[in-house]
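Naming: A, B, ... by sequence-line order, numbering from 1 per chain.
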Amino acid sequence: MKKDLIDIQDLSREDIDELIAVAEDIIADPDKYAEKCRRKKLATLFYEPSTRTRLSFEAAMYELGGQVIGFSEANSSSAAKGESVADTARTVACFADIIAMRHPKEGAPMVAARSTHIPVINAGDGGHNHPTQTLTDLLTIAREKGRLDDLTIGCCGDLKFGRTVHSLIAAMHRYPGVRFVLISPEELVIPEHVRTDILQANNIEFLETRDLEAVMPELDILYMTRVQRERFFNEADYIRLKDSYILTPDKLTYAKPDLAILHPLPRVNEIAVAIDSDPRACYFRQVLCGKYIRMALILKLLGVK
Amino acid sequence: MIIGSIVNGIVIDHIPAGRGMELYRYLKLDDMECEVALIKNASSDKYGKKDILKVNEVIDLDFDMLGYIAPQITVNIIRNGERVEKVHPKLPETITGVLRCKNPRCITSIEQELQHVFKLTDREHGVYRCIYCDTKAEKQSLV
């Protein structure tokens, strides 16, 4: 039976551990994997703009010895003529061995997956899911901390609309000893379904707070996200809150020396550029992890050993 | 008020008061040629008030969907004037082509002929979510 990756919860903890192990092996010995996908084609069907995700998928396939076809905007595909996602996927499946799809509509990659016999990877469907970003985050944490259990993970910024935070919590709560510190303005706290269906339902320890500096000494991971102006109904609230969550060197004064600072990128101003040279800033190493974990994922879904 | 008893047919009992007409429309009872009675606001020891539907013909019913509409419904099958079966519908695991996803960002809003499918995510509270976008179904969103 073919496998797809639509939602991070499609993967068991064992699946994730296996992907991380393969990614580590690729990092250790990339030559071993240089021909693994020879004569295989990845189709990148990107209906909306992307820098990191699309280039990461393409680089991953090239480094596995495979080839890439596809489009990077809906206007250059038959979608502009009104073709359905299902028909596009069926067509592309005649030319490619695996699909990575980004689409502004939630659930579009699932429609593609149900329409074809080849594996489909969700490369982001609107504000809904972005499972390969979560895999990227997990590999980064595993590499930076040497483990995925016994961690205090701080998530800071827009926790309401930030899909990467929801997926990170969904994936990480399965590891023992993981505790979450959720730092956000009142207006952007995590959605009720994440609090009840994931955290409370599984008896996961978590703290909700407004004060980043107060909790900084506790954190092993700080996962920053952008506070989005357009989400506020009240401009005065936005102005009052926006600077609370800009990470500057002075806010790291009481942070652990081995804190790992992650960000799904792109950043705007929520992490000061001065932080970039701090060894605890992992977000550009995180981008590189994105390529390796996607290589591991392509191998897994194609059934290549 | 007296409504004659039926000989061969079904009685859908314990419909929440006020939702009998919704069920009447869902089951397309308008199209039936047999006798059909909708009793509104009948007194109920358990619920205070309830609606009841009586159909003087045994029709095929999707019991699971009735369970979704109102879990406390009971369906009595009547043959030769006697109740031969009493069914307590259960919540179905998936509901296909009945509910509509109202999320404008969902792929169901643009994809041609894509069936709307909802999955049961919380049996205790009867919560259904769209399989594509995870939006919670609203009880009033019957197609």
>> Using every non-hydrogen atom in the two residues, find where B/Tyr132 and A/His128 come nearest and quote the distance to one decimal.
In response: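 For B/Tyr132 and A/His128, the tightest heavy-atom pair comes out as O-CE1, 3.1 Å.
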
> So which heavy atom on A/Val85 is nearest to which on B/Glu111, and how close?
Replying inline: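 Closest approach of A/Val85 to B/Glu111: N-OE1, 2.9 Å.
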
For atom [atom1] of [X], decide whether the heavy atoms of other residues, nucleotides or ligands shown that lie under 6.0 angstrom number more than 12.
{"X": "A/Arg13", "atom1": "CZ", "value": "yes"}
{"X": "A/Glu48", "atom1": "CD", "value": "yes"}
{"X": "B/Lys90", "atom1": "NZ", "value": "no"}
{"X": "A/Glu192", "atom1": "CD", "value": "yes"}
{"X": "B/Lys119", "atom1": "NZ", "value": "yes"}
{"X": "A/Lys300", "atom1": "NZ", "value": "yes"}

> Taking A/Glu106 for the side chain and B/Ile107 for the main chain, is one N or O donor matched with an acceptor at less than 3.5 Å?
Replying inline: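 The answer is no, because no donor-acceptor pair under 3.5 Å joins these two groups.
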
>> Could you check whether any side-chain N or O of B/Gln112 sits under 3.5 Å from a backbone N or O of A/Ala86, counting only pairs where one atom can act as donor and the other as acceptor?
In response: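 Absent.
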
>> At a heavy-atom distance under 4.5 Å, which candidate from A/Ala108, A/Gly82, A/Pro109, A/Gly127 has the highest pair count against chain B?
In response: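 Most heavy-atom pairs within the cutoff with chain B belong to A/Ala108.
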
> Can you tell which of B/Thr121, B/Thr135, B/Asp134 has the highest number of heavy-atom pairs within less than 4.5 Å of chain A?
Replying inline: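 Counting heavy-atom pairs under 4.5 Å, the top option is B/Asp134.
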
> When only pairs under 4.5 Å are counted, which of B/Leu114, B/Asn103, B/Ile110, B/Thr108 shares the most heavy-atom pairs with chain A?
Replying inline: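 Top count of heavy-atom pairs under 4.5 Å with chain A: B/Ile110.
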
> Is there side-chain contact between B/Ser109 and A/Lys105, with heavy atoms separated by less than 4.5 Å?
Replying inline: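 Yes, close enough: below the 4.5 Å cut-off.
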
>> Rounded to the nearest 0.5 Å, what separates atom CG in A/Asp7 from atom CD1 in B/Ile131?
In response: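 With rounding to 0.5 Å, CG (A/Asp7) is 12.0 Å from CD1 (B/Ile131).
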
> Can you tell me how far the CZ atom of B/Arg129 sits from the NE2 atom of A/His193, to the nearest 0.5 Å?
Replying inline: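 Here the interatomic distance stands at 6.0 Å.
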
